[in-house]
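In this text the structure is predicted, and so the values were computed from the model without any measurement. Within every chain, numbering begins at 1; the chains are lettered A, B, ... in the order of the sequence lines, protein sequences first and strands thereafter.
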Number of protein chains: 2
Amino acid sequence: MASLETISSIDTAPRHPIRLVANRTGLTVDLIRAWEKRYHVVDPARSDTKRRLYSDYDIERLRLIRIAKQNGRRLVDVAPLTLEALRDVVSEDSRYDQAQDNQAEVYRPSWTSPLESSDTQDDIDAMLFAVQTMDQHRFDQLLQEGLVKQSLPAYLETVIGPLLREIGESTRLGKLRIAHEHMATAHLRTFIGALRFRETYTGNEPKIVITTPTGQLHELGALMIAALVSVDGWLPVYLGPNTPADEIAACALQSGARVVSLSLTYPADDPRIPTELTRLRTQLDGKIPVFIGGSAAAHHQPLIDRLGLIAPSTLNGLRQSLNALRDRGYKEQTA
Amino acid sequence: MASLETISSIDTAPRHPIRLVANRTGLTVDLIRAWEKRYHVVDPARSDTKRRLYSDYDIERLRLIRIAKQNGRRLVDVAPLTLEALRDVVSEDSRYDQAQDNQAEVYRPSWTSPLESSDTQDDIDAMLFAVQTMDQHRFDQLLQEGLVKQSLPAYLETVIGPLLREIGESTRLGKLRIAHEHMATAHLRTFIGALRFRETYTGNEPKIVITTPTGQLHELGALMIAALVSVDGWLPVYLGPNTPADEIAACALQSGARVVSLSLTYPADDPRIPTELTRLRTQLDGKIPVFIGGSAAAHHQPLIDRLGLIAPSTLNGLRQSLNALRDRGYKEQTA
DNA sequence: GCAATGTTGTCCCAGTTTTGTCCAGACAAA
DNA sequence: TTTGTCTGGACAAAACTGGGACAACATTGC
């Protein structure tokens, strides 16, 4: 369980003091207590000296309730909702034009463990079949259904990632036409792009610039990262693919981003990559870390080491590094 | 299965406070109450402390009434209509809106104007400012709000189209950085892509393949077309940008599409365009018409004429041609 | 063309409910 | 000691309600 937890769960272990919760949610300490007193919005555990201790789950709920209120909901109405119900309410409110999710009845705790791999593979196969038959509607349906079954990070790692690889592979082998790949890519671009907006923002999130460097035209990896980090309370500044180093640096500085993350996939050995990465590293204030992800990152390991960039090997590794960074930032801030 | 039902039927359970309704419809709280007082436009349920509680059905009605009013309808006339009747009225108006010719039949008071152009320009300026300050959240908010104010086709034509042109222009003039343009483009890609899914599909819609030919990397025009035709009951098979002619043809044949639509923007004089268009025309069964849209279509007028392609000069022209085609197809089918 | 009338969005009022902030005194942590 | 958190309560701002006033504008009748 513990290993899976890291991918998919929102931790329910109580450990955060109220101040951190206030910081992360954008609420005041007083308000959090008042909500608890009046509506039992949260029921935090206590330390042996009666200090409130909140879990990640609580924080996420409070964040969502804050947004729900901004959208015009009344506290009385949203206070008793579960995290999942809140997600639905908030995403419906902030994007009421989105395809109405019809799975309200399905109870899916966010700590749901990832699907059995065979199950997942079946899903992926079904998706590939839908692509092959150009059945967009079915494809979309499968994507939506798959998302219901697991948490977003787990879904990206176990379904979307493998699906992308298989589509690429099948096209190279001639099992899929270019037209099929195009359709699937376009559809996934829309789908993953929309995922980001399932999350909600308070305005206090640290920013992260996400893009791909010059020459890297495939954006889906970067987009997945944007969706992923949204879950953990980052605000992605997403620039799409193929951004020159100068522009990335300018954007990071203008937006006040805490981190930059790049995705490298294809072509893996583009000669511009070393130039661009070096240029980016020198232009950025040394305080802004640069993360490198994507399948082609391994090709540039020496360069990455030399420049002091960070290249976690998995999506989950990236996620953990970022979370550590974010929480470190919190400590510095209050120290 | 149940999915279609849940999508198309609107919940009548009263649960939304008036503030939320105001947010979603773009009306003010005062106005909603005034309409209720004067015309019983809605008759919301009440909480135990007399607070108004609206249903999804109410909200949708208010939204449509707002649009109907913008189209020049009088409140007295539309207030008693059911949701379905309102839908008819609004969609009828939106057709006449842009068919500037024969609007004589419809009663339209003199103050009718879809949206004051100055108003629209203000919105666009605000969006440009949000882009310039890299305020994605604001940008998204403005896009959403704009959409509430008018019907989707009108919105695409009066806001999104001009916005795209101004972003391109500003970037060329150096008023925006490339990073800004990238951010805006990426964001719009997500936004427009999601628009298509506002519509609900029955499975009987005629299909239309939408893409851009080889060398044309800008996909937003094509994506706008996909969103646009969805409104009129087409099912877009969207392939993203840069699709070779052979693949377009294969896709059209495999999916049984009735029409193909291409968007040409940049580079306008790409030498591959004539080759690709010719190739496409010959590979497609003569029965499948090919529409050409986009700012660069004019550069290829002789070619378009020679190949017998169709190039309406505006989005609305395209829309009308397609509707005519669809209805003609329908008649043949039933005759 | 002008006056009377109708339509419509906005604002104000006074009373109620809901919600955010503040305070005081006690205790715990750094 | 200083700072932060705890409980319980007080207070004030914001939001909602019903009612009505009013100005801007369009329509209608002359």
Between CD of A:Gln70 and C1' of D:dA14 the distance, given in whole Å, is 15 Å
Notebook entry, point to check: Parallel, tilted or perpendicular: which describes the rings of B:Tyr155 and B:Phe191, with under 30° parallel and over 60° perpendicular?
Noted result: perpendicular
Practice task
Would you check if there is a donor-acceptor pair between the side chains of B:Asp123 and B:Thr120 at a distance under 3.5 Å?
Solution key: no
Closest non-hydrogen contact found for A:Ala252 with A:Ile288 is CB-CD1, 4.4 Å
Please check the phosphate of D:dG4 (OP1 and OP2 only) for any side-chain N or O of A:Arg52 closer than 4.0 Å.
no
Without placing hydrogens or testing angles, list every side-chain donor-acceptor pair under 3.5 Å for residues 125-133 of chain B, not counting sequence neighbours.
residue  : atom : partner  : partner atom : Å
B:Asp125 : OD1  : B:Gln121 : NE2          : 3.0
B:Gln132 : NE2  : B:Lys175 : O            : 3.4
B:Thr133 : OG1  : B:Phe129 : O            : 2.9
B:Thr133 : OG1  : B:Ala130 : O            : 3.2

When rounded to whole Å, the CZ to C1' distance for the pair A:Arg73 and D:dA15 reads 17 Å
Taken to the nearest whole Å, CD1/A:Ile32 to C1'/D:dT5 is 12 Å
Look at all strands and tell whether A:Val29 reaches a base, only sugar-phosphate, or nothing, counting heavy atoms closer than 4.0 Å. nothing
Looking at C:dA29, I'd like to know if its phosphate oxygens (OP1 or OP2) sit under 4.0 Å from a side-chain N or O belonging to A:Arg19.
no
- prompt: Side-chain N or O of A:Thr49 less than 4.0 angstrom from OP1 or OP2 on C:dC27?
  reply: no
Taken to the nearest whole Å, NE2/B:His40 to P/D:dG18 is 13 Å
B:Leu75 atom CG is separated from D:dT27 atom C1', nearest whole Å, by 16 Å
Are A:Arg63 and A:Glu60 within salt-bridge range, i.e. N to O under 4.0 Å? yes
- Do A:Asp30 and A:Arg33 sit within salt-bridge range, that is, some charged N less than 4.0 Å from a carboxylate O? yes
### Task
Using a cut-off of strictly less than 4.0 Å, decide whether B:Tyr39 has a side-chain nitrogen or oxygen near OP1 or OP2 of C:dT7.
no
Assert: residue with more 5' nearest nucleotide on DNA chain C, out of B:Val76 and A:Lys69, is B:Val76
Atom CG of A:Leu53 and atom P of C:dA29 are separated, to the nearest Å, by 11 Å
Using atom names, set out every protein N or O paired with an N or O of nucleotides 21-25 of chain C below 3.5 Å, distance rounded to 0.1 Å.
residue : atom : partner : partner atom : Å
C:dT21  : OP2  : A:Thr28 : OG1          : 3.4

To the nearest angstrom, the OH-C1' distance between A:Tyr54 and D:dT5 comes to 10 Å
Check: Can a side chain N or O of A:Arg51 be found less than 4.0 Å away from OP1 or OP2 on D:dG4?
Finding: no
Here the distance between atom P of C:dG6 and atom CZ of B:Arg74, to the nearest Å, is 12 Å
Note to self: We want to know whether A:Asp77 and B:His16 form a side-chain donor-acceptor pair, criterion being a heavy-atom distance below 3.5 angstrom.
What the structure shows: no
